[in-house]
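Notes for the one structure printed next.
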Amino acid sequence: MSTEQIPDLPTEITPQSQDFGRWYIDVVRRAELADYSPVKGCMVIRPYGYAMWELIQQGLDRRFKATGHVNAYFPLFIPESLLMREAAHVEGFAPQVAWVTHGGNEKLEERLVVRPTSETIIGTMYAKWVQSWRDLPILINQWANVVRWEKVTRLFLRTTEFLWQEGHTAHETAEEAQEETLRMLAVYKDFAEQELAIPVVDGQKTDSEKFAGAERTYSIEALMRDGRALQAGTSHNLGQNFSKSYDIKFQARDKSVQYVHTTSWGVSTRLIGGVIMVHGDEGGLILPPRIAPYQVVIVPIPRGNWRETVLPRAQAIRDELVARGMRVFLDDRESQTPGWKFNEWEMRGVPLRLEIGPKDLEKSQVVLARRDTREKSFVPMDGLAGRVEELLAAIQRALYERALAFREEHTSTTDSYEEFKAIMEGRPGFVIAPWCGPAACEAAIKAETQATIRNIPFSSAPAAGKHCLKCGGAATAHAWFAKSY
RNA sequence: CGGGGCGUAGCGCAGCCUGGUAGCGCACCUGCCUUGGGCGCAGGGGGUCGCAGGUUCGAAUCCUGUCGCCCCGACCA
């Protein structure tokens, strides 16, 4: 097997190094993942992007089911009075809700909110369903759209309407609720790393960044290639805040009446934005095989009587790969040249390209080209499917390793605020630093550097004896700071 | 929501300063020729210049307002 390097070719995408934000938009649109809609702040998820979402859904849903959860669906509309019951929750979400004031031509007696999240409506239903400890736990997830009236929107990362899943569970004890909260965060971490090939930092949010109405919020955080962090998933321990506001009570084993302990956890279509910004390069998208709508694209080389010779062989290869469970597209369009197709599918991030032409038939081989390394190799027809599987697995692994190496290169540790500021101004990334705990220091750091505490990782080193980065007081933890999306 | 930028054919842009009735590249359509890294030639279709007012004999161009998008700052999956 020999290899050769593929030359760079021009694309119509703004170079990542020149303007990362523009690059991102160009990739999303040129790869046909999504498009702007006539409604401000909303986007259309196009078939190629939606296929990624479907694969994300499958990978998550499988994990939710494996941890005992079931799916259900709750209404889009929530009566105003329901939303208002949990004080912190209302305060957090009120500025972001869309209101329904009329039905047809008639003004509603009570306004409805379009759900920004479903704790309130689901809590209301749980109150009806729970009588006894025997009814617990309730482990429900829903796949839904939600609406949050955002001032600044960005395709996939923050749009007025977005798709997500929200898990809502109710438990007998605080311990069980805490276990559930951490269990689902671990599910998210596993999913992000195994399927999306995105290494994430799991940890606890500070009070100022926690979910409105939660006791504790945990998150997974990923580092994008421009050095900014993306919150990729959150899991909340809601304690008894919602059960008390929504009257979710049960008779306990000791005959006393207790409030349940609830959790909620979610990830959204934002994950697609994360995949783009973690793996993409100057040539466009690079998709991890496990969530690539097409894992292999076959490009036949049309020459001479290729329809009678090359094409049947290409079809046979496609059928064999599909039979082995791979997602394959045979691009036999005659309206485009092979060179055009090479560039197009690379721009759209297909992990592996298989070229087959007359010369290959003679030698009983095909050409395989990796998207991540841009290496071409000649591979014998015998044992091809196995080789393709190996390569896809290798690409999946390589993308994760590359992303992890990038994160490690862009993660620093410091006790010095001057150094901290220099890093945030120069080459951004994660900075691990000791912090004292109160929101005031966190706010001051944000005001001066734009960096926020992404979370306090579970793996964080003890801070005993350390001094707060900002105020010099006794540190309570090592926090991970970054500029974020 | 503040500061800046941009809205002209599907996409990217020129024209605007100095008003005279719209052009380039790519894409698209037809034919021939090609096809192993964004083929070539010839012919062709497509735009009430974001929208609404105003000035003017006449507005893509000048004035006012408005909407949308992008970038940078305050809030958020």
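Lettering follows sequence order; numbering is per chain, from 1. Just so you know, these numbers come straight off a predicted model, no measurement behind them.
- Residue-level contact check: A/Lys341 touches neither bases nor backbone, having no heavy atom under 4.0 Å from any strand.
- A straight line from CH2 of A/Trp149 to P of B/C1 spans 12 Å, rounded to a whole angstrom.
- Looking at heavy-atom distances under 4.0 Å, A/Gly304 makes no contact with the nucleic acid at all.
- Counted by atom type alone, A/Arg216 and A/Gln178 present one or more donor-acceptor pairs between their side chains at under 3.5 Å.
- Residue contacts shown for A/Leu157 include a base, since a base heavy atom lies under 4.0 Å away.
- Within the nucleic acid shown, A/Val146 has no heavy atom closer than 4.0 Å to any nucleic acid atom.
- If you check B/G38, B/G37, B/A77 against the side chain of A/Arg30, the one that comes closest is B/G38.
- Donor-acceptor pairing under 3.5 Å is recorded for the side chains of A/Thr217 and A/His236.
- Using a 4.5 Å heavy-atom cutoff, the side chains of A/Arg318 and A/Leu321 are not in contact.
- Between the side chains of A/Ser118 and A/Gln142, at least one donor N or O sits under 3.5 Å from an acceptor N or O.
- Picking from B/C71, B/G37, B/G38 the nucleotide with the shortest atom distance to the side chain of A/Arg154 gives B/C71.
- Applying the Watson-Crick and G-U wobble criteria (two distances, each under 3.5 Å), B/C51 pairs with B/G65.
- Searching all strands for a Watson-Crick or G-U wobble partner of B/C24 with both distances below 3.5 Å returns B/G12.
- Annotation: B/C63 and B/A59 have their C1' atoms spaced 11 Å apart (nearest Å).
- At a cut-off of 3.5 Å, with distance as the only test, no side-chain donor of A/Glu215 or A/Asn237 sits close to an acceptor on the other residue.
- A donor-acceptor contact under 3.5 angstrom links the side chains of A/Glu442 and A/Ser208, judged on distance only.
- Candidate nucleotides B/G38, B/A77, B/U35 were compared by shortest atom distance to the side chain of A/Trp340, and B/G38 ranks first.
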Full working for ring-ring contact (aromatic ring centres under 6.0 Å, His included) between A/Phe211 and A/Phe93: CA-CA 10 Å; A/Phe211 177 76; A/Phe93 279 102; 5.6 Å; yes
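- A tilted orientation is assigned to the rings of A/Trp23 and A/Phe20, their planes being inclined by 30° to 60°.
- Using a 4.0 Å heavy-atom distance criterion, A/Gly357 is classed as a base contact.
- Closest to the side chain of A/Asn343, from the set B/G38, B/G36, B/C69, is B/G38.
- The separation between A/Arg270 atom CZ and B/C76 atom C1' is 8 Å, rounded to whole Å.
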Which pairs, protein N/O on one side and nucleotides 29-34 of chain B N/O on the other, fall under 3.5 Å?
none

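- If you check B/C1 for Watson-Crick or wobble pairing at under 3.5 angstrom, you find it paired to B/G73.
- Straight-line distance from the OH atom of A/Tyr485 to the P atom of B/C70: 13 Å, rounded to whole Å.
- The nucleotide whose nearest atom lies closest to any side-chain atom of A/Pro338 is, among B/A77, B/G37, B/U35, B/U35.
- Residue A/Asn455 contributes atom CG, which lies 15 Å from atom C1' of B/A77 at whole-angstrom precision.
- Note on A/Thr159: a base of the nucleic acid sits closer than 4.0 angstrom, heavy atoms only.
- Atom C1' of B/G25 sits at a distance of 16 Å from the matching atom of B/G46, rounded to the whole Å.
- Between B/C39 and B/G2, the two P atoms lie 48 Å apart (nearest whole Å).
- With salt bridges taken as basic N to acidic carboxylate O contacts below 4.0 Å, none links A/Glu362 and A/Lys359.
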Provide a list of protein-nucleic acid N or O atom pairs under 3.5 angstrom, restricted to nucleotides 73-75 of chain B.
from, atom 1, to, atom 2, distance (Å)
B/G73, OP1, A/Gln450, OE1, 2.6
B/G73, OP1, A/Gln450, NE2, 3.2
B/C75, OP2, A/Lys446, NZ, 3.3

Salt bridge (charged side-chain N to carboxylate O under 4.0 Å, His left out) evaluation trace for A/Lys341 with A/Glu346: CA-CA 8 Å; A/Lys341 293 174 184 176; A/Glu346 281 177 10; over 6 Å; no
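- Enclosure of atom CZ in A/Arg63 by more than 12 non-hydrogen atoms of other residues, nucleotides or ligands within 6.0 angstrom is indicated.
- Spacing between B/A77 and B/A60 at atom C1', rounded to whole Å, works out to 42 Å.
- With hydrogens and angles ignored, a donor-acceptor pair closer than 3.5 Å exists between the side chain of A/Lys376 and the base of B/G37.
- Within 3.5 Å, no donor on the side chain of A/Gln336 pairs with an acceptor on the base of B/G38, nor the reverse.
- Summarising the base pairing, B/G45 is matched to no nucleotide, lacking a Watson-Crick or G-U wobble pair whose two defining distances lie under 3.5 Å.
- Within the shown strands, nothing qualifies as a pairing partner of B/C17 under the Watson-Crick or G-U definition with both distances less than 3.5 Å.
- Using a 4.0 Å heavy-atom criterion, one finds that A/Asp19 contacts no nucleic acid atom at all.
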